[in-house]
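Just so you know, these numbers use all the heavy atoms, side chains as well, and skip hydrogens, waters and symmetry mates.
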Amino acid sequence: MASDSTGPTTALRAGLPDRYLTPDDIADLFGVPLETVYAWRKKHTGPPGFRIGKHLRYDPAQVRAYVQGLTGETLAA
């Protein structure tokens, strides 16, 4: 993962919304196409998501833990 000023680590340091994240949020956070987010889900890679009815959502705490696992950095909540 790149360490530029617009990457997920920077976004996580700035704080995630106080709500479950959508696939669009994840695509924006990681700078990837929406199709990539769905491919990660299908391949069981990427941050873990869950369904609420027919909607796919991501817990910000789990997204933070996923990025910490990739970078080895400890990010403040």
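Pairing each heavy atom of L56 with each of R51, the nearest pair is N-NH1, 3.5 Å.
Summarising the geometry, atom CZ belonging to R57 is positioned 6.0 Å from atom OG1 belonging to T22; distances are rounded to the nearest 0.5 Å. Expressed to the nearest 0.5 Å, how far CD1 of I26 lies from OH of Y66 amounts to 10.0 Å.
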Ignoring hydrogens and angles, write down the donor-acceptor pairs under 3.5 Å from the side chains of residues 30-49, residues two or more places apart or on other chains.
unit_1: R41; atom_1: NH1; unit_2: G49; atom_2: O; d: 2.9

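For F50, the ring pair (Phe, Tyr, Trp, His ring centres under 6.0 Å) partners are Y20, not counting sequence neighbours.
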